[in-house]
Amino acid sequence: MSATPREHTRTYHLGKLATELEQRGLTALLRSYPPALRISHPDTVMLAETVDCVPLSEGWFYRWSWGELVGLTDDPALAADRIVRVLAARQ
């Protein structure tokens, strides 16, 4: 199946977020279709979360699996910090 421009944009933004998460010691695996990240701490793989990326009228946003927004894709470092805090609270 050929990827659409929107999927390429999602993959680009998720790749930037994955880099930020990996710099913070988390594991981020990119699912290709539909594009999303499976994020976990290497020591607690059973505690994982999925984050995707959606376009809204205000721009592109990272979004938790339950639909709540994580943050703008313009600031993947801030989104990564929020994800780290949520996963740390679950440990």
Side-chain angles (χ1 to χ4, degrees):
M1 177 174 275
S2 177
T4 67
R6 184 172 285 193
E7 289 167 342
H8 287 297
T9 301
R10 281 188 176 107
T11 301
Y12 169 76
H13 290 307
L14 291 169
K16 289 173 60 176
L17 179 59
T19 298
E20 292 289 338
L21 292 165
E22 289 167 355
Q23 290 173 357
R24 289 160 175 76
L26 298 179
T27 301
L29 301 173
L30 180 62
R31 180 181 70 196
S32 61
Y33 188 80
L37 287 179
R38 178 173 167 80
I39 304 160
S40 64
H41 188 281
D43 296 334
T44 55
V45 178
M46 296 300 292
L47 295 174
E49 184 52 60
T50 301
V51 171
D52 67 358
C53 185
V54 294
L56 299 174
S57 60
E58 301 87 16
W60 282 85
F61 288 83
Y62 297 115
R63 179 178 66 177
W64 295 106
S65 61
W66 61 86
E68 185 178 330
L69 297 179
V70 176
L72 273 166
T73 58
D74 292 345
D75 194 349
L78 179 60
D81 289 341
R82 290 178 178 160
I83 292 167
V84 167
R85 281 195 304 272
V86 169
L87 288 180
R90 290 182 169 181
Q91 291 182 349

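The figures that follow rest on heavy atoms only: side chains count, while hydrogens, waters and symmetry mates do not.
- V86 and L26 fall within a single hydrophobic cluster, where Ile, Leu, Val, Met, Phe, Trp and Tyr side chains are chained together by heavy-atom contacts under 4.5 Å.
- Cluster membership for L17 and F61, using ILVMFWY side-chain heavy atoms within less than 4.5 angstrom, is not shared.
- Linking Ile, Leu, Val, Met, Phe, Trp and Tyr whenever their side-chain heavy atoms come within less than 4.5 Å puts L30 and W64 in one cluster.
- The two residues V51 and L14 make their nearest non-hydrogen contact at O-CD2, 3.8 Å.
- Residue P35 comes nearest to D52 through the heavy atom pair O-CB, 4.0 Å, listed as atom of the first residue, atom of the second, then distance.
- No side-chain heavy atom of E7 sits under 4.5 Å from any side-chain heavy atom of S32.
- Placement of V54 and L72 within a single hydrophobic cluster is found when ILVMFWY residues are connected by side-chain heavy-atom separations under 4.5 Å, directly or transitively.
- Interatomic distance, CG of D75 versus NZ of K16, reported as 9.0 Å (0.5 Å rounding).
- Taken together through direct or relayed side-chain contacts under 4.5 Å among Ile, Leu, Val, Met, Phe, Trp and Tyr, Y12 and Y33 form parts of separate hydrophobic clusters.
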- Please lay out, stage by stage, how D81 and R24 fare under the test side-chain contact (heavy atoms from CB on, under 4.5 Å). CA-CA 8 Å; D81 289 341; R24 289 160 175 76; 2.8 Å; yes
- Given side-chain contact (heavy atoms from CB on, under 4.5 Å), test L56 with L69 step by step and report yes or no. CA-CA 11 Å; L56 299 174; L69 297 179; 3.8 Å; yes
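- Looking only at distances, no side-chain donor or acceptor of T73 sits under 3.5 Å from a matching main-chain atom of H13.
- Across L37 and A28, no two heavy atoms sit closer than the pair CD2-CB, 4.3 Å.
- Under a 3.5 Å cut-off, the side chain of R31 and the backbone N or O of P34 do form a donor-acceptor pair.
- When all heavy atoms of A48 and S40 are compared, the closest pair comes out as CB-CB, 3.9 Å.
- E49 has its side chain within reach of L87: a pair of non-hydrogen atoms, C-beta onward, lies under 4.5 Å apart.
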